[in-house]
Each structure stands twice: as C-alpha cells, then as structure tokens.
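Beneath this line is the structure, given in structure tokens, with notes to follow.
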Number of protein chains: 2
Amino acid sequence: MNTVRRKSKTRFAVLGLLSWQAMSGYQIKKMIEMGLSHFWAESYGQLYPTLEKLVQDGLATRSCGATGKRKKHVFSITEAGRACFLEWLAEPTDQPRMRNELQLKFFLAGDLPIEHGLSLLADYKTQQEDIAQTYAESERILSAALDHGEAVEDLDRVLGATSSQQMLFFLISLRHGILAVDARIDWCKESIGMLKRAQKKSRKRND
Amino acid sequence: MNTVRRKSKTRFAVLGLLSWQAMSGYQIKKMIEMGLSHFWAESYGQLYPTLEKLVQDGLATRSCGATGKRKKHVFSITEAGRACFLEWLAEPTDQPRMRNELQLKFFLAGDLPIEHGLSLLADYKTQQEDIAQTYAESERILSAALDHGEAVEDLDRVLGATSSQQMLFFLISLRHGILAVDARIDWCKESIGMLKRAQKKSRKRND
DNA sequence: TCAGACATGTAAGTCGTTACATGATTCA
DNA sequence: TGAATCATGTAACGACTTACATGTCTGA
C-alpha cells in the first residue's frame with residue numbers, strides 16, 4: 001500500500017563531498033575511486049540520477065561550467081543540503097546487510113578438501129595484504145601530519161584548508177579500515193595454521 | 001545486448017544447508033537466522049523462488065511431506081546439486097561490494113561536533129559487544145569439543161554425525177567473525193580515546 | 001478458543017551495476 | 001591523427017526487501 005522507502009546513502013556520500021567543494025559528477029566519481037574505494041563505491045548509474053534528485057530537492061544547485069564550450073555541470077551544496085548532510089552524520093548508523101561469502105564458505109565447508117581451504121585462504125590473504133599496504137601509506141602521511149600539526153599537501157590540494165579536526169576524523173576513518181584488514185590477515189594466518197596442523201594429523205593417521 | 005549475469009550466492013547457501021539434510025523452505029530460513037545471522041541473511045522473497053529454480057535446474061528435488069495434511073515441501077539436494085555446491089566452495093571468492101557507512105561518516109565528518117562522534121562510537125561499540133558475546137559462547141562450546149574430540153550436542157542434534165573436520169571449519173568460520181568484531185571494538189576504544197584527547201586539548205585552548 | 005508457531009508464496013518497489021550511446025578536449 | 005581522458009547520461013537487468021495474502025497446527 002504505502003511506498004516502501006529504503007534508505008540509500010548515496011545522496012549523503014555525494015552531499016558530503018560537495019560540502020568540501022563544488023564539483024561535477026565526473027569529479028565526484030573520480031574522488032570516490034581515489035579516496036574511498038576501500039569502503040565506498042558509486043556507479044554513474046546511481047550518481048547522475050542522484051545529483052538530479054538533489055537539485056530537485058533543493059539540496060544542491062547545478063550551474064553550467066562557465067569557462068568552456070564543453071558541457072560540464074558543476075554542482076554546489078545548498079544550505080538545506082548542508083543541514084540534511086549534518087543530520088545524517090549525527091544520526092545513529094544502521095547496521096549493514098551482513099553478507100560475508102568467505103565466512104559462509106567455511107561455515108558450509110565440511111566436505112571441502114583441506115588443501116582447497118588452504119588455497120582459498122592464501123588468495124584472500126594476498127588480496128588483503130595489498131589493501132593493507134595502501135592503507136599503511138596513507139596512515140604514514142596522515143599521522144605524521146597530525147603529530148606535527150602540518151597540513152597535508154595531497155589533501156590540501158584537493159580540499160583547500162584542511163583543519164586538524166578534519167585530519168583527525170580522516171585518521172579515525174582510516175584506522176577503521178586498517179584494523180579490519182589486519183584482523184582479516186590475522187584470521188588467515190591463524191586458519192592456515194589450524195588447517196596445516198589438521199593435515200599433518202590426518203597424514204600421520206594414514207601412515 | 002547480452003544477458004547481464006550477476007551472481008547471487010543465495011543458491012549456494014541453500015545448497016550448502018541442504019547438503020546437511022533435507023529441509024523445507026521454512027526450516028532453511030530458521031536455520032539461517034539461528035546459525036548464520038551474523039554473516040548471512042535470506043528473505044522469503046529470495047528463498048522460495050530460489051528453491052523453485054534449484055528444482056528446475058535439477059540441483060534439488062521437492063517431495064511433499066508424507067506425514068501431515070499440512071502442506072509442507074521437503075527439499076533434498078541431488079548429486080548434480082552437490083557437485084555444483086562443491087565447485088562453488090573451491091572457487092576463489094570474489095570480493096564483496098565494500099560499503100561501510102560508519103567509515104564513510106568519519107571520512108566526511110570534518111564538521112561534526114566531537115561529542116556527536118563520541119556518541120556514534122558509543123552506540124556502535126555497544127552493538128558490537130553484544131555480537132561479541134554471542135560469538136564467545138559459540139566459541140567456548142566448539143573449541144572445547146574440538147579439544148576433547150567430542151561431538152557437540154547442539155550441532156549433533158541438527159546435523160547428525162558431525163565430523164571433526166566439519167567442526168574445524170565451523171571454528172574457522174566463527175573465528176572470522178570474532179576477529180572482525182574484536183577489531184571493531186578495538187577501533188571504537190582507540191577512536192574514543194583520540195576524540196577525548198582532542199576535546200581536552202580544545203577545551204584547554206578555550207580557557 | 002486463541003495466540004503463536006508452522007508454512008508457502010507473490011507483488012511491488014528500491015537499490016545498484018553493467019553495458020551502451022554520445023561527443024568534446026588534450027596531447028603526443 | 002588517433003588514443004586517452006573528460007564528460008553526461010540512460011536502458012535493461014539483477015538482487016533483494018517489505019508487505020501482504022493465506023491457511024494449518026499445537027498447546028496453554
């Protein structure tokens with residue numbers, strides 16, 4: 001009967017980026033890919049309609065890029081948009097749809113040969129270690145800057161003046177990713193150990 | 001032009017449960033809610049059509065519950081179904097859509113009052129600690145059983161004979177959840193500490 | 001007798017991705 | 001001149017949830 005409203009967070013992600021600076025859809029996409037890819041993604045198919053809707057709702061304005069002949073829409077956040085974004089920020093976060101395929105696999109893996117389990121873990125470990133490395137680089141830069149109270153060049157170029165509170169929140173966000181990824185790597189190591197011990201034991205039995 | 005094939009894992013989750021024992025849709029749903037809820041969910045709207053499709057594809061068979069007048073469909077996995085499931089198990093797991101709303105919030109939280117950040121963290125911490133507690137109970141039971149080579153009564157009742165390899169895989173799955181949840185709690189503690197220090201510092205400045 | 005669990009299913013809608021269509025600008 | 005990047009959009013589809021519709025059985 002009633003419209004089934006689900007809550008897409010896309011608009012808030014977009015609004016949050018626009019709160020830094022006015023941008024085109026294309027720039028927003030690029031920024032998400034560069035800075036948020038480990039924990040957020042948007043496709044053009046979501047992005048452009050969302051921007052359209054933001055304008056309709058009075059949360060952003062569209063202005064045609066003044067300079068070029070090239071068609072380029074620059075979106076700016078409005079005061080209403082800023083208020084809406086801030087409201088979301090302070091709201092309790094609803095817990096995400098939990099779906100972890102690898103955990104499911106191991107839960108159901110009763111009949112899987114142990115060596116296949118080991119190979120699954122090895123793949124996952126490599127993948128997570130790659131992520132850990134990119135995180136580590138970001139952390140090195142950010143926490144050095146925070147310690148010395150210096151602005152971060154890379155961030156500064158993108159965001160303009162970056163306050164130390166903003167850097168603190170960046171670091172907290174980053175640390176979420178780092179602790180999560182480290183936990184996954186630890187899990188791999190621990191599980192590989194368990195499976196190898198089980199393998200040895202069953203080999204001994206078969207001698 | 002071509003059919004856009006996306007890969008739903010629902011069928012494998014169902015097949016995996018059916019590989020333990022024949023069940024009705026309702027029972028499958030209950031089992032997921034009881035045992036997998038921290039990392040997997042299915043709705044009836046997904047479940048029943050998936051079961052239908054499994055039967056059509058020859059991966060499961062439906063038999064009408066013999067006993068009662070109550071309409072009840074019992075699904076059993078076929079050999080083809082078992083093969084299909086095993087194939088998925090051994091396949092490399094494709095990485096999930098990354099979307100973490102809380103991490104996004106902190107990334108974008110530059111203007112958020114620190115006390116709101118603290119309250120976000122406090123909520124999340126409580127929630128994760130609840131999960132940690134249910135995990136801890138499961139772990140206690142499982143690892144005791146593994147150590148003593150004993151069957152686990154609760155599991156045994158559900159699954160019939162539970163092999164020690166199966167219990168090992170259960171434990172590995174469980175440990176994934178535990179390490180993840182512990183990491184999130186650690187992140188909360190660490191972040192709360194950082195924010196409180198920042199708060200103190202800014203208060204001192206304002207004196 | 002009546003609440004709560006058992007049990008099956010569908011319709012409508014939301015969310016999100018993929019693939020395509022289109023064209024301008026830059027730079028080697 | 002031609003490849004890469006900048007740039008905007010949409011159509012079609014797949015995945016999933018919510019809300020509803022319907023009825024049975026059990027036990028207090």
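To find a chain, count down the sequence lines: A is the first, B the second, and so on, and within it residues start at 1.
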Counting only heavy atoms not in K30(B) (residues, nucleotides, ligands), do more than 12 fall under 6.0 Å from its NZ? yes
Is it true that W40(B) and E33(B) share a donor-acceptor pair across their side chains at a distance under 3.5 Å? no
Near-ring test F106(A)/F170(B), centroid separation under 6.0 angstrom: no
Name the closest nucleotide to the T10(B) side chain, picking from dT8(C), dG9(C), dC16(D). dC16(D)
Rounded to the nearest Å, what distance is computed from the CD1 atom of residue I32(A) to the P atom of nucleotide dA7(D)? 16 Å
Using OP1 and OP2 only, check whether a side-chain N or O of Y26(A) sits under 4.0 Å from dT8(D). no
Validate the cation-pi geometry between K105(A) and F107(A): distance from NZ or CZ to the six-membered ring centre under 6.0 Å, angle to the ring axis within 45°. no
To the nearest angstrom, the NZ-C1' distance between K53(A) and dC15(C) comes to 13 Å
Just to be sure I understand the geometry, which residues of residues 96-103 of chain A put a non-hydrogen atom under 4.0 Å away from DNA chain D? R97(A), R99(A)
Side-chain atoms of residues 180-193 of chain B: list all donor-acceptor pairs with protein atoms under 3.5 Å, sequence neighbours left out, distances to 0.1 Å.
unit_1, atom_1, unit_2, atom_2, d
R184(B), NE, Q128(B), OE1, 2.9
W187(B), NE1, I172(A), O, 2.8
W187(B), NE1, S191(B), OG, 3.3
E190(B), OE1, R175(A), NH2, 2.8
E190(B), OE2, R175(A), NE, 2.5
E190(B), OE2, R175(A), NH2, 3.4
S191(B), OG, W187(B), O, 2.7

Using a heavy-atom cut-off of 4.0 Å across all strands, would you classify G25(B) as base, sugar-phosphate, or nothing? sugar-phosphate
Tell me: CZ of F12(A) to C1' of dG16(C), nearest whole Å? 17 Å
Closest listed nucleotide, where the reference is the side chain of Y48(A) and the choices are dT8(C), dG9(D), dG16(C): dG9(D)
Parallel, tilted or perpendicular: which describes the rings of W88(B) and F85(B), with under 30° parallel and over 60° perpendicular? tilted
Using a 4.0 Å heavy-atom cut-off across all strands, classify K9(B) as base, sugar-phosphate, or nothing. nothing
Should the ring pair Y44(A) and Y48(A) be called parallel, tilted or perpendicular, given that the plane angle runs from 0 to 90° and is split at 30 and 60? parallel
Test side chain to side chain contact (heavy atoms under 4.5 Å, CB included) on H116(B) and L89(A); report intermediate values, then the result. CA-CA 9 Å; H116(B) 288 196; L89(A) 263 191; over 6 Å; no
Across the strands shown, which category fits S8(A) at heavy-atom distances under 4.0 angstrom: base, sugar-phosphate, nothing? sugar-phosphate
Length of the line joining L51(B):CG and dC16(D):C1', which is rounded to integer Å: 16 Å
Distance in angstrom units between E33(B) CD and dA7(C) P, rounded: 14 Å
When you measure from the side chain of Y44(B), which nucleotide among dA7(D), dG9(C), dC6(D) comes out closest? dG9(C)
Euclidean distance, atom CD of residue E52(A) to atom P of dA11(D) [Å, nearest integer]: 13 Å
Interatomic distance, D94(B) CG vs dA15(D) P [rounded to whole Å]: 12 Å
For the side chain of Q27(A), starting at C-beta, report the closest nucleotide among dA15(D), dG16(C), dA7(D). dA7(D)
When the distance from CD of Q46(B) to C1' of dT8(C) is rounded to whole Å, what number comes out? 16 Å
Counting side-chain heavy atoms from C-beta on, which of dT17(C), dT8(D), dG9(C) comes nearest to A41(A)? dT17(C)
Please determine, for the side chain of S43(B), which listed nucleotide (dG9(D), dT18(D), dA7(D)) has the closest atom? dT18(D)
